[in-house]
Undergrad: 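Got a structure for you, written out below as C-alpha coordinates; questions coming shortly.
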Amino acid sequence: MELHNPGRSAVDLRGLLLYVARPDGSQERAYLVEASVPMAPRGHVVLGDVRSDALPAHVNHSYSDILGSLGNSGGLVGLRCGDVVVDEVRYTGPLRSGVARIYDGRLVPDAVDNDDPSRWCDAPAPTLDGGMRASPGAANPACPGADGGVSADGGVPAGSCLSSRTGTLRSLSRPRPGDLVITEVMADPKAVADAQGEWVEVYALRDVDLNGVMLANEGSGRTLLGDSRCLELRAGTHGVLARSADATLNGELPPVLGTFAFGLSNSQEPHALRLSLDETVLDAVAWTSAATPGVSRQLDPARKDATRNDAPDSFCQTPKDFRFGLGDWGTPGAENRPCT
(Lines give C-alpha, C1' and ligand atoms only; values in the text may rest on other atoms or scores of the structure.)
Protein backbone atom coordinates (compact mmCIF):
# COMPACT_ATOMS: atom_id res chain seq x y z
CA MET A 1 0.00 0.00 0.00
CA GLU A 2 1.35 3.38 -0.98
CA LEU A 3 0.62 6.57 0.97
CA HIS A 4 1.19 10.14 -0.20
CA ASN A 5 1.85 13.29 1.85
CA PRO A 6 0.32 16.18 -0.15
CA GLY A 7 1.55 18.89 2.23
CA ARG A 8 4.69 20.99 2.34
CA SER A 9 5.65 19.78 5.83
CA ALA A 10 6.99 16.39 6.88
CA VAL A 11 4.67 14.12 8.86
CA ASP A 12 5.08 10.86 10.76
CA LEU A 13 2.81 7.82 10.70
CA ARG A 14 3.60 6.88 14.31
CA GLY A 15 0.33 6.42 16.24
CA LEU A 16 -1.86 5.90 13.17
CA LEU A 17 -3.95 2.78 12.72
CA LEU A 18 -3.79 1.06 9.33
CA TYR A 19 -6.85 -1.13 8.75
CA VAL A 20 -8.32 -3.38 6.08
CA ALA A 21 -11.77 -4.90 5.74
CA ARG A 22 -14.29 -6.25 3.29
CA PRO A 23 -15.94 -3.64 1.04
CA ASP A 24 -18.88 -3.39 3.48
CA GLY A 25 -16.50 -2.70 6.41
CA SER A 26 -16.93 -6.11 8.03
CA GLN A 27 -14.12 -8.36 9.30
CA GLU A 28 -11.78 -5.44 9.97
CA ARG A 29 -8.15 -6.13 10.83
CA ALA A 30 -5.87 -3.35 12.06
CA TYR A 31 -2.20 -2.56 12.58
CA LEU A 32 -0.98 0.21 14.93
CA VAL A 33 2.14 2.00 13.63
CA GLU A 34 4.30 2.14 16.76
CA ALA A 35 7.64 2.97 15.12
CA SER A 36 8.57 6.28 13.53
CA VAL A 37 7.71 6.24 9.82
CA PRO A 38 8.52 9.72 8.46
CA MET A 39 6.97 11.04 5.24
CA ALA A 40 8.71 13.85 3.39
CA PRO A 41 6.69 16.76 1.99
CA ARG A 42 5.01 15.70 -1.27
CA GLY A 43 6.58 12.29 -0.69
CA HIS A 44 5.45 8.67 -0.65
CA VAL A 45 5.72 5.80 1.83
CA VAL A 46 5.11 2.14 1.00
CA LEU A 47 3.80 -0.26 3.64
CA GLY A 48 3.95 -3.99 2.97
CA ASP A 49 3.39 -7.52 4.21
CA VAL A 50 7.02 -8.51 4.76
CA ARG A 51 7.61 -11.39 7.15
CA SER A 52 11.42 -11.41 7.27
CA ASP A 53 14.00 -8.92 8.49
CA ALA A 54 15.01 -7.74 5.02
CA LEU A 55 12.69 -5.25 3.36
CA PRO A 56 12.56 -5.08 -0.43
CA ALA A 57 13.95 -1.85 -1.84
CA HIS A 58 10.46 -0.54 -2.62
CA VAL A 59 8.98 -1.11 0.90
CA ASN A 60 9.59 1.42 3.70
CA HIS A 61 7.82 -0.30 6.59
CA SER A 62 6.33 -3.73 7.24
CA TYR A 63 3.07 -4.55 8.99
CA SER A 64 4.12 -8.23 8.88
CA ASP A 65 1.24 -10.74 8.77
CA ILE A 66 -1.07 -8.68 11.03
CA LEU A 67 -3.46 -7.63 8.25
CA GLY A 68 -3.50 -11.02 6.55
CA SER A 69 -4.18 -11.39 2.85
CA LEU A 70 -6.04 -8.61 1.05
CA GLY A 71 -9.15 -9.59 -0.88
CA ASN A 72 -8.59 -10.00 -4.61
CA SER A 73 -12.21 -9.28 -5.50
CA GLY A 74 -12.36 -5.97 -3.63
CA GLY A 75 -11.92 -4.52 -0.18
CA LEU A 76 -11.37 -1.49 2.02
CA VAL A 77 -8.10 0.11 3.16
CA GLY A 78 -7.90 3.03 5.57
CA LEU A 79 -5.94 5.08 8.09
CA ARG A 80 -7.32 6.33 11.42
CA CYS A 81 -5.97 8.63 14.09
CA GLY A 82 -8.00 7.72 17.18
CA ASP A 83 -11.60 7.88 15.98
CA VAL A 84 -10.82 10.22 13.07
CA VAL A 85 -10.60 8.66 9.62
CA VAL A 86 -7.61 10.23 7.85
CA ASP A 87 -8.38 8.50 4.54
CA GLU A 88 -10.29 5.45 3.42
CA VAL A 89 -10.51 3.80 0.01
CA ARG A 90 -12.69 0.98 -1.28
CA TYR A 91 -10.99 -0.85 -4.11
CA THR A 92 -12.81 -3.00 -6.61
CA GLY A 93 -11.93 -6.13 -8.51
CA PRO A 94 -11.33 -8.43 -10.10
CA LEU A 95 -7.67 -7.61 -9.48
CA ARG A 96 -5.04 -8.92 -11.85
CA SER A 97 -2.00 -10.82 -10.64
CA GLY A 98 1.14 -8.66 -10.69
CA VAL A 99 -0.80 -5.48 -11.52
CA ALA A 100 -1.32 -2.67 -8.98
CA ARG A 101 -4.47 -0.56 -8.78
CA ILE A 102 -3.43 3.09 -8.99
CA TYR A 103 -5.06 6.49 -8.57
CA ASP A 104 -4.79 8.28 -11.92
CA GLY A 105 -1.41 10.02 -12.05
CA ARG A 106 -2.91 12.93 -14.01
CA LEU A 107 -4.93 13.92 -10.95
CA VAL A 108 -3.80 15.67 -7.79
CA PRO A 109 -3.88 13.08 -4.97
CA ASP A 110 -6.90 13.96 -2.85
CA ALA A 111 -8.47 12.19 0.14
CA VAL A 112 -11.99 12.96 -1.15
CA ASP A 113 -11.58 12.40 -4.88
CA ASN A 114 -9.89 9.05 -4.33
CA ASP A 115 -13.19 7.71 -2.95
CA ASP A 116 -14.43 7.47 -6.56
CA PRO A 117 -13.51 4.00 -7.95
CA SER A 118 -13.69 5.35 -11.52
CA ARG A 119 -10.56 7.42 -10.83
CA TRP A 120 -8.52 4.27 -10.39
CA CYS A 121 -7.15 1.91 -13.02
CA ASP A 122 -4.71 -0.95 -13.49
CA ALA A 123 -1.11 0.28 -13.60
CA PRO A 124 -0.36 0.59 -17.33
CA ALA A 125 3.25 -0.60 -17.67
CA PRO A 126 5.83 -2.87 -15.97
CA THR A 127 8.18 -0.96 -13.67
CA LEU A 128 9.42 -3.56 -11.17
CA ASP A 129 11.58 -6.65 -11.52
CA GLY A 130 9.65 -9.65 -12.75
CA GLY A 131 7.41 -7.54 -14.98
CA MET A 132 5.09 -6.36 -12.19
CA ARG A 133 3.07 -3.28 -13.14
CA ALA A 134 3.41 -0.85 -10.22
CA SER A 135 5.21 2.36 -9.19
CA PRO A 136 5.72 2.09 -5.40
CA GLY A 137 7.29 5.13 -3.78
CA ALA A 138 6.91 7.34 -6.85
CA ALA A 139 4.24 9.40 -8.59
CA ASN A 140 1.72 7.25 -10.45
CA PRO A 141 1.62 7.22 -14.24
CA ALA A 142 -1.47 8.43 -16.08
CA CYS A 143 -4.34 6.02 -16.48
CA PRO A 144 -4.89 4.99 -20.12
CA GLY A 145 -7.09 7.50 -21.91
CA ALA A 146 -6.27 10.47 -19.62
CA ASP A 147 -6.07 13.61 -21.75
CA GLY A 148 -4.44 16.25 -19.55
CA GLY A 149 -7.65 18.25 -19.23
CA VAL A 150 -10.76 16.93 -17.51
CA SER A 151 -10.04 13.20 -17.53
CA ALA A 152 -12.48 10.68 -18.86
CA ASP A 153 -13.16 9.70 -15.25
CA GLY A 154 -14.01 13.27 -14.21
CA GLY A 155 -10.70 14.18 -12.56
CA VAL A 156 -9.17 17.65 -12.56
CA PRO A 157 -5.49 18.51 -13.15
CA ALA A 158 -3.36 20.46 -10.70
CA GLY A 159 -3.99 24.20 -10.51
CA SER A 160 -7.54 23.88 -11.80
CA CYS A 161 -11.02 23.28 -10.47
CA LEU A 162 -14.54 22.70 -11.74
CA SER A 163 -16.79 25.73 -11.32
CA SER A 164 -20.18 24.86 -9.82
CA ARG A 165 -21.61 27.99 -11.45
CA THR A 166 -20.55 27.26 -15.02
CA GLY A 167 -19.74 23.54 -14.91
CA THR A 168 -16.46 24.22 -16.71
CA LEU A 169 -12.81 23.77 -15.84
CA ARG A 170 -10.87 26.92 -14.88
CA SER A 171 -7.66 27.96 -13.18
CA LEU A 172 -7.67 28.44 -9.42
CA SER A 173 -7.64 31.97 -8.02
CA ARG A 174 -5.08 31.67 -5.22
CA PRO A 175 -5.56 33.92 -2.15
CA ARG A 176 -2.72 36.16 -0.98
CA PRO A 177 -2.03 37.32 2.60
CA GLY A 178 -4.77 39.74 3.55
CA ASP A 179 -7.35 38.40 1.05
CA LEU A 180 -9.11 36.29 3.70
CA VAL A 181 -10.24 37.29 7.19
CA ILE A 182 -11.42 34.93 9.94
CA THR A 183 -14.58 36.64 11.23
CA GLU A 184 -16.50 34.21 13.48
CA VAL A 185 -15.94 30.97 15.43
CA MET A 186 -18.47 28.56 16.97
CA ALA A 187 -16.38 26.34 19.25
CA ASP A 188 -19.14 25.01 21.53
CA PRO A 189 -22.55 24.61 19.84
CA LYS A 190 -25.44 23.84 22.15
CA ALA A 191 -28.14 22.74 19.70
CA VAL A 192 -26.03 19.85 18.30
CA ALA A 193 -22.88 17.95 19.22
CA ASP A 194 -19.49 19.64 18.78
CA ALA A 195 -18.35 17.00 16.28
CA GLN A 196 -21.14 18.06 13.90
CA GLY A 197 -21.87 21.67 14.85
CA GLU A 198 -18.53 23.50 15.16
CA TRP A 199 -17.84 26.06 12.43
CA VAL A 200 -15.58 28.92 11.35
CA GLU A 201 -16.60 31.89 9.20
CA VAL A 202 -14.25 33.47 6.64
CA TYR A 203 -14.63 36.74 4.74
CA ALA A 204 -13.06 37.45 1.33
CA LEU A 205 -11.76 40.87 0.27
CA ARG A 206 -11.39 39.72 -3.36
CA ASP A 207 -12.58 36.77 -5.48
CA VAL A 208 -10.60 33.69 -4.38
CA ASP A 209 -10.77 29.90 -4.28
CA LEU A 210 -10.05 28.10 -1.00
CA ASN A 211 -8.79 24.94 -2.73
CA GLY A 212 -5.42 24.05 -1.21
CA VAL A 213 -5.81 26.42 1.75
CA MET A 214 -4.92 24.90 5.12
CA LEU A 215 -7.09 25.58 8.18
CA ALA A 216 -5.22 24.78 11.41
CA ASN A 217 -5.63 25.30 15.15
CA GLU A 218 -3.13 25.90 17.94
CA GLY A 219 -2.29 22.20 18.19
CA SER A 220 -2.03 19.38 15.68
CA GLY A 221 -5.42 19.94 14.06
CA ARG A 222 -5.22 20.85 10.39
CA THR A 223 -7.30 20.31 7.27
CA LEU A 224 -6.41 20.94 3.64
CA LEU A 225 -9.54 22.41 2.06
CA GLY A 226 -10.95 21.51 -1.31
CA ASP A 227 -11.43 18.78 -3.87
CA SER A 228 -12.08 18.94 -7.63
CA ARG A 229 -14.84 21.56 -7.37
CA CYS A 230 -13.98 25.23 -6.95
CA LEU A 231 -14.42 26.52 -3.39
CA GLU A 232 -15.38 29.95 -4.70
CA LEU A 233 -15.65 32.86 -2.29
CA ARG A 234 -16.58 36.15 -3.94
CA ALA A 235 -15.27 39.50 -2.77
CA GLY A 236 -17.42 40.98 0.00
CA THR A 237 -19.02 37.66 0.99
CA HIS A 238 -18.69 35.25 3.91
CA GLY A 239 -18.05 31.51 3.68
CA VAL A 240 -18.73 28.89 6.35
CA LEU A 241 -16.26 26.09 7.08
CA ALA A 242 -17.81 23.43 9.32
CA ARG A 243 -17.29 20.00 10.85
CA SER A 244 -20.31 18.74 8.86
CA ALA A 245 -21.89 19.97 5.64
CA ASP A 246 -25.18 18.19 6.44
CA ALA A 247 -27.74 20.75 7.64
CA THR A 248 -29.68 18.02 9.45
CA LEU A 249 -26.61 17.39 11.63
CA ASN A 250 -24.82 20.74 11.93
CA GLY A 251 -27.62 22.78 13.51
CA GLU A 252 -29.10 23.98 10.21
CA LEU A 253 -26.16 26.07 9.08
CA PRO A 254 -26.43 27.86 5.73
CA PRO A 255 -24.66 26.10 2.80
CA VAL A 256 -21.17 25.05 3.91
CA LEU A 257 -18.24 25.97 1.66
CA GLY A 258 -15.84 23.35 3.05
CA THR A 259 -15.38 20.97 5.97
CA PHE A 260 -12.59 20.41 8.51
CA ALA A 261 -11.88 17.31 10.59
CA PHE A 262 -10.38 18.61 13.85
CA GLY A 263 -12.14 19.89 16.96
CA LEU A 264 -12.17 23.41 18.43
CA SER A 265 -11.25 23.65 22.12
CA ASN A 266 -13.75 25.19 24.55
CA SER A 267 -11.51 25.74 27.56
CA GLN A 268 -9.89 28.80 29.16
CA GLU A 269 -6.48 28.52 27.52
CA PRO A 270 -4.59 29.90 24.51
CA HIS A 271 -6.41 29.18 21.24
CA ALA A 272 -5.55 30.01 17.66
CA LEU A 273 -6.87 29.52 14.15
CA ARG A 274 -4.76 30.00 11.06
CA LEU A 275 -5.40 30.03 7.31
CA SER A 276 -2.34 29.35 5.16
CA LEU A 277 -1.42 28.45 1.60
CA ASP A 278 1.82 26.60 0.89
CA GLU A 279 2.96 27.52 4.44
CA THR A 280 2.35 31.25 3.85
CA VAL A 281 -0.02 32.59 6.52
CA LEU A 282 -3.08 34.27 5.03
CA ASP A 283 -4.73 35.19 8.34
CA ALA A 284 -4.48 34.12 11.98
CA VAL A 285 -6.40 34.92 15.14
CA ALA A 286 -5.72 34.06 18.80
CA TRP A 287 -7.71 34.22 22.02
CA THR A 288 -7.68 32.77 25.56
CA SER A 289 -11.27 32.88 26.83
CA ALA A 290 -13.48 29.81 27.22
CA ALA A 291 -16.36 29.34 24.80
CA THR A 292 -19.90 30.06 25.97
CA PRO A 293 -22.16 27.11 25.04
CA GLY A 294 -24.33 27.94 22.04
CA VAL A 295 -22.75 31.38 21.44
CA SER A 296 -20.26 32.18 18.66
CA ARG A 297 -17.24 34.44 18.98
CA GLN A 298 -17.38 37.15 16.31
CA LEU A 299 -15.20 39.89 14.85
CA ASP A 300 -16.50 43.44 15.11
CA PRO A 301 -17.42 44.32 11.50
CA ALA A 302 -15.53 47.63 11.82
CA ARG A 303 -12.28 45.58 12.01
CA LYS A 304 -12.81 43.30 9.02
CA ASP A 305 -9.14 43.20 8.11
CA ALA A 306 -6.48 40.48 8.43
CA THR A 307 -4.35 42.81 10.59
CA ARG A 308 -6.99 44.65 12.60
CA ASN A 309 -8.59 41.36 13.70
CA ASP A 310 -5.41 40.51 15.63
CA ALA A 311 -6.19 42.90 18.51
CA PRO A 312 -7.48 41.13 21.67
CA ASP A 313 -10.60 43.31 21.79
CA SER A 314 -11.52 42.78 18.12
CA PHE A 315 -13.74 39.80 18.95
CA CYS A 316 -16.74 39.51 21.25
CA GLN A 317 -19.64 37.19 21.92
CA THR A 318 -22.42 37.42 19.37
CA PRO A 319 -25.05 39.82 20.78
CA LYS A 320 -28.35 38.40 22.03
CA ASP A 321 -31.23 37.52 19.74
CA PHE A 322 -29.12 36.91 16.63
CA ARG A 323 -29.93 33.25 16.27
CA PHE A 324 -29.66 30.78 13.41
CA GLY A 325 -30.97 27.32 12.61
CA LEU A 326 -31.92 25.42 15.76
CA GLY A 327 -31.42 28.40 18.07
CA ASP A 328 -27.71 28.90 18.76
CA TRP A 329 -26.43 32.49 18.71
CA GLY A 330 -24.42 33.51 15.65
CA THR A 331 -24.52 34.96 12.16
CA PRO A 332 -22.87 32.24 10.01
CA GLY A 333 -22.49 33.34 6.41
CA ALA A 334 -23.83 36.84 7.15
CA GLU A 335 -22.61 40.21 8.38
CA ASN A 336 -21.64 40.35 12.06
CA ARG A 337 -23.21 42.76 14.51
CA PRO A 338 -21.15 45.52 16.18
CA CYS A 339 -19.54 44.53 19.47
CA THR A 340 -20.94 46.43 22.46
Undergrad: For the residue pair Asp12 / Ser36, report whether a side-chain donor-acceptor contact shorter than 3.5 Å exists.
TA: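 There is such a pair between these side chains.
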Undergrad: Take Glu88 and Tyr19 through the side chain to side chain contact (heavy atoms under 4.5 Å, CB included) test and state the conclusion after the steps.
TA: CA-CA 9 Å; Glu88 185 177 89; Tyr19 60 95; 2.6 Å; yes
Undergrad: Taking it one step at a time, do Leu205 and Val181 satisfy side chain to side chain contact (heavy atoms under 4.5 Å, CB included)?
TA: CA-CA 8 Å; Leu205 279 80; Val181 183; 3.4 Å; yes
Undergrad: Checking side chain to side chain contact (heavy atoms under 4.5 Å, CB included) between Leu210 and each of Leu215, Leu277, Leu180, which is the one that passes?
TA: Leu180
Undergrad: Return yes when atom CG of Asp24 has more than 12 non-hydrogen atoms of other residues, nucleotides or ligands closer than 6.0 Å, and no otherwise.
TA: yes
Undergrad: Keeping Thr223 on the side-chain end and Leu225 on the backbone end, is there a donor-acceptor pair under 3.5 Å?
TA: no
Undergrad: Return the minimal non-hydrogen interatomic distance between Val46 and Asn60, and the atom names on each side.
TA: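 Between these two residues, the closest heavy atoms are N-OD1, 2.7 Å.
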Undergrad: Taking all non-hydrogen atoms of both residues into account, name the closest pair between Ser163 and Cys230 and its distance.
TA: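 Minimum heavy-atom separation between Ser163 and Cys230: N-SG, 3.5 Å.
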Undergrad: Between the side chain of Arg133 and the main-chain N/O of Ala123, is any donor-acceptor distance below 3.5 Å?
TA: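 Yes, the answer is positive, given that a donor and an acceptor are paired below the 3.5 Å cut-off.
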Undergrad: Looking at residues at least two apart in the chain, or sitting in another chain, which of them share a ring-ring contact (aromatic ring centres under 6.0 Å, His included) with Tyr63?
TA: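 ring-ring contact (aromatic ring centres under 6.0 Å, His included) check on Tyr63 returns nothing, list empty.
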Undergrad: For Ala142 and Pro124, which heavy atoms make the closest approach, and how far apart are they?
TA: O-CG, 3.7 Å
Undergrad: Could you tell me if Thr318 and Ser296 have a donor-acceptor pair between their side chains, going purely by distance under 3.5 Å?
TA: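 Short answer, yes.
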Undergrad: Is there a side chain to side chain contact (heavy atoms under 4.5 Å, CB included) between Leu3 and Leu79? Walk through the geometry before answering.
TA: CA-CA 10 Å; Leu3 308 179; Leu79 276 175; 3.7 Å; yes
Undergrad: Taking all non-hydrogen atoms of both residues into account, name the closest pair between Gly71 and Tyr91 and its distance.
TA: O-OH, 2.8 Å
Undergrad: Between the side chains of Arg206 and Asp179, is the shortest nitrogen-to-carboxylate-oxygen separation below 4.0 Å, so that they form an ion pair?
TA: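 Here Asp179 pairs with Arg206 in a salt bridge, since their nearest N and O are under 4.0 Å apart.
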Undergrad: Counting distance only, does the side-chain N/O of Glu2 pair as donor-acceptor with the main-chain N or O of Gly137 below 3.5 Å?
TA: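 Yes, because the side chain of Glu2 sits within donor-acceptor range (under 3.5 Å) of the backbone of Gly137.
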Undergrad: Is it the case that Arg119 places NZ or CZ above or below the six-membered ring of Tyr103, under 6.0 angstrom from the centre and within 45 degrees of the axis?
TA: no
Undergrad: With a 3.5 Å distance limit and no angle check, can you tell me whether Asp207 reaches the backbone of Ala235 through a side-chain donor-acceptor pair?
TA: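 Yes; at least one donor-acceptor contact below 3.5 Å.
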Undergrad: Return the CG to CZ distance between Asn114 and Arg90, rounded to the nearest 0.5 Å.
TA: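 Reported to 0.5 Å precision, the distance equals 12.0 Å.
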Undergrad: How far does SG of Cys143 sit from CZ of Arg101, to the nearest 0.5 angstrom?
TA: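 One gets 8.0 Å once the value is rounded to the nearest 0.5 Å.
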Undergrad: Is the backbone of Asp209 close enough, under 3.5 Å, to the side chain of Glu232 for a donor and an acceptor to pair up by distance?
TA: no
Undergrad: For the atom pair CG (Asp87) and CZ (Arg80), what is the distance rounded to the nearest 0.5 Å?
TA: 12.5 Å
Undergrad: Is Arg303 salt-bridged to Asp305, going by a charged N under 4.0 Å from an acidic O?
TA: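 No, this pair does not count.
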Undergrad: Run the numbers on Thr248 and Asp246 for side chain to side chain donor-acceptor pair (under 3.5 Å), then give the verdict.
TA: CA-CA 5 Å; Thr248 65; Asp246 188 341; 2.6 Å; yes
Undergrad: Give a yes or no answer on whether the side chain of Ser62 reaches the backbone of Val50 with a donor-acceptor pair at less than 3.5 Å.
TA: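 It does hold such a pair.
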Undergrad: Any pair with a residue in residues 331-340 that passes side-chain hydrogen bond (donor to acceptor under 3.5 Å, both in side chains), sequence neighbours left out, goes on the list, sorted by first then second residue, please.
TA: Glu184-Thr331, Lys304-Glu335, Thr331-Asn336
Undergrad: Backbone N or O of Ser289 within a donor-acceptor pair of the Gln268 side chain at under 3.5 Å?
TA: no
Undergrad: Examine Leu76 and Val86 and state if one hydrophobic cluster contains both, with Ile, Leu, Val, Met, Phe, Trp and Tyr joined whenever side-chain heavy atoms are less than 4.5 Å apart.
TA: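 Hydrophobic grouping puts Leu76 apart from Val86.
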Undergrad: Could you go through the side chain to side chain contact (heavy atoms under 4.5 Å, CB included) check for Val20 and Glu28 one step at a time?
TA: CA-CA 6 Å; Val20 299; Glu28 179 181 303; over 6 Å; no
Undergrad: When rounded to the nearest 0.5 angstrom, what distance separates CZ in Arg176 from OG in Ser173?
TA: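 Spacing of CZ (Arg176) from OG (Ser173) equals 8.0 Å.
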Undergrad: Distance check, rounded to the nearest 0.5 Å: Glu198 atom CD versus Leu253 atom CG?
TA: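 With rounding to 0.5 Å, CD (Glu198) is 11.5 Å from CG (Leu253).
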Undergrad: Side-chain heavy atoms nearer than 4.5 Å, only ILVMFWY residues, links allowed to pass through others: does that put Val77 and Ile66 together?
TA: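 Same cluster.
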Undergrad: Which Ile, Leu, Val, Met, Phe, Trp or Tyr residues join Val295 in one cluster when any pair of side-chain heavy atoms under 4.5 Å counts as a link?
TA: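 Listed partners: Trp329.
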Undergrad: Are Arg297 and Glu201 close enough for a salt bridge, meaning some N to O gap below 4.0 Å?
TA: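 Salt bridge between Arg297 and Glu201, a charged N being under 4.0 Å from a carboxylate O: no.
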Undergrad: Locate the shortest heavy-atom distance separating Pro332 from Gly330; write the atom from each residue and the value.
TA: CD-C, 3.3 Å
Undergrad: In this structure, are over 12 heavy atoms from other groups packed under 6.0 Å from Arg22 atom CZ?
TA: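 Result for CZ/Arg22: open.
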Undergrad: Can a side-chain donor-acceptor contact be found between Asp300 and Asn309 if the only test is distance below 3.5 angstrom?
TA: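 Checked: Asn309/Asp300 side chains show no N/O donor-acceptor pair below 3.5 Å.
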Undergrad: Return the CG to OG distance between Asn217 and Ser265, rounded to the nearest 0.5 Å.
TA: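 Atom-to-atom, Asn217:CG and Ser265:OG are 8.5 Å apart.
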Undergrad: Might you work through the salt bridge (charged side-chain N to carboxylate O under 4.0 Å, His left out) test for Arg51 and Asp49, ending with a clear yes or no?
TA: CA-CA 6 Å; Arg51 306 184 187 187; Asp49 180 347; 2.8 Å; yes
Undergrad: Indicate yes or no for a side-chain donor-acceptor contact from His271 to the backbone of Glu269 under 3.5 Å, with no hydrogens or angles considered.
TA: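 A pair under 3.5 Å: yes.
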Undergrad: Would you say the side-chain atoms of Thr183 pair up with the backbone N or O of Leu299, donor to acceptor, closer than 3.5 Å?
TA: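 No, the answer is negative, given that no donor and acceptor are paired below the 3.5 Å cut-off.
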Undergrad: So, does Asn140 use its side chain to make a donor-acceptor pair with the main chain of Asp104 at under 3.5 Å?
TA: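 It does not hold such a pair.
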Undergrad: Where do Leu264 and Trp199 come nearest, in terms of heavy atoms and distance?
TA: CD1-O, 4.1 Å
